[in-house]
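Read through the structure below, which is laid out as structure tokens, and then see the notes.
Remember, it's a predicted structure, so these values are computed and weren't measured experimentally. FYI, side chains are in, hydrogens and waters are out, and symmetry mates aren't considered; it's all heavy atoms of this structure.
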Amino acid sequence: MTSESSDTPGEDLPLPRVLCDTAALAALDDASAGALWRLAEPGRQLDANVVRIPPGRGVDTHREPDLDVLLLVLAGHGTLTAPDGPHALPAGALTWLPHGSTRSLTAGPEGLTYLTVHRRRPGMRIQRGNPAVQQQ
């Protein structure tokens, strides 16, 4: 006996899909800056962003205490500055930014467009009877 209900294998499973054209995002003019794209799929375990930094601008020195980050340069070039000195970031460079590391980014004369990927941060929740906000 066969069933035509929702017993079909894979019917409720998430499907892979193409999300954006990073080459088209990277080709945007210099006036485009900041986050050009964000991963926003429900139920995801990752966060990802395509970011554009205009020529000569940058991201100030900071430290990410909790998350490892992969950074892939899509277009332009720039410099990653870490405690061990400057590192060139040409188009195509794939860089691991380990949690706890201190770094800054500076875009070159063509600007810098890059993709970052990291584990999704847990949501915040307020527990009943406890005024403190805790992470799940």
Side-chain angles (χ1 to χ4, degrees):
M1 182 171 171
T2 60
S3 170
E4 294 183 20
S5 67
S6 63
D7 294 336
T8 306
E11 186 173 301
D12 294 329
L13 296 177
L15 297 173
R17 64 177 168 236
V18 175
L19 297 173
C20 74
D21 180 349
T22 59
L25 290 176
L28 293 174
D29 64 20
D30 289 343
S32 302
L36 304 177
W37 174 85
R38 285 185 164 87
L39 183 63
E41 307 312 300
R44 69 190 187 280
Q45 295 178 343
L46 294 174
D47 274 333
N49 301 286
V50 174
V51 178
R52 168 112 174 114
I53 301 175
R57 309 263 328 257
V59 176
D60 291 336
T61 301
H62 65 286
R63 185 174 80 79
E64 170 49 64
D66 301 320
L67 302 173
D68 289 356
V69 177
L70 282 178
L71 184 149
L72 174 62
V73 177
L74 301 173
H77 69 277
T79 302
L80 165 70
T81 303
D84 64 342
H87 302 270
L89 294 177
L94 178 61
T95 305
W96 174 48
L97 305 171
H99 70 281
S101 67
T102 301
R103 66 276 192 146
S104 66
L105 294 172
T106 306
E110 302 167 11
L112 177 66
T113 303
Y114 60 89
L115 168 72
T116 60
V117 179
H118 57 80
R119 179 178 42 89
R120 188 173 182 193
R121 292 182 186 277
M124 301 297 280
R125 89 183 146 120
I126 299 174
Q127 289 189 338
R128 213 169 138 164
N130 183 349
V133 176
Q134 298 181 358
Q135 287 191 339
Q136 286 181 304

Test side-chain contact (heavy atoms from CB on, under 4.5 Å) on W96 and L70 and set out the steps.
-> CA-CA 5 Å; W96 174 48; L70 282 178; 4.3 Å; yes
Determine, step by step, whether R103 and T61 satisfy the side-chain contact (heavy atoms from CB on, under 4.5 Å) criterion, reporting the C-alpha distance in whole Å, the side-chain angles of both residues, the deciding distance to 0.1 Å, and the verdict.
-> CA-CA 5 Å; R103 66 276 192 146; T61 301; over 6 Å; no
Candidate pair H99 and D68, rule side chain to side chain donor-acceptor pair (under 3.5 Å), full reasoning | CA-CA 5 Å; H99 70 281; D68 289 356; 2.8 Å; yes
Quick one: do E64 and R119 satisfy salt bridge (Lys or Arg N to Asp or Glu O under 4.0 Å)? Show the steps, please.
-> CA-CA 12 Å; E64 170 49 64; R119 179 178 42 89; over 6 Å; no
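Hydrophobic clustering, with ILVMFWY side chains joined whenever heavy atoms are under 4.5 angstrom apart, keeps L39 apart from L67. Taken together through direct or relayed side-chain contacts under 4.5 Å among Ile, Leu, Val, Met, Phe, Trp and Tyr, W37 and L72 form part of one hydrophobic cluster. Both L25 and L94 belong to a single network of hydrophobic side chains, linked directly or stepwise wherever heavy atoms of I, L, V, M, F, W or Y lie under 4.5 Å apart. Hydrophobic clustering of Ile, Leu, Val, Met, Phe, Trp and Tyr side chains at less than 4.5 Å, counting indirect connections, unites L97 with L112.
Of the N and O atoms on the side chains of H118 and D47, not one donor lies less than 3.5 Å from an acceptor on the other residue.
Side-chain atoms of L71 and V117, non-hydrogen and from C-beta on, never get closer than 4.5 Å to each other. Taking 4.5 Å as the limit, some side-chain heavy atom of I53 sits within range of a side-chain heavy atom of V59. Looking only at side-chain heavy atoms (C-beta outward), R120 and L46 stay at 4.5 Å or farther from each other.
Within the structure, side chain to side chain donor-acceptor pair (under 3.5 Å) contacts touching residues 17-28 (residues at least two apart or in different chains) are R17-E41.
Every residue two or more places apart in sequence or in another chain was checked for a salt bridge (Lys or Arg N to Asp or Glu O under 4.0 Å) with R57, and none qualifies.
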Under 3.5 Å donor-acceptor pairs involving side-chain atoms of residues 74-86, not counting sequence neighbours:
{"unit_1": "D84", "atom_1": "OD1", "unit_2": "H87", "atom_2": "NE2", "d": "2.8"}
{"unit_1": "D84", "atom_1": "OD2", "unit_2": "H87", "atom_2": "NE2", "d": "3.4"}

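The two residues P54 and A33 come nearest to each other via the heavy atoms CG-CB, 3.6 Å.
Here OG of S104 is found 15.0 Å from CZ of R63. Values are rounded to the nearest 0.5 Å.
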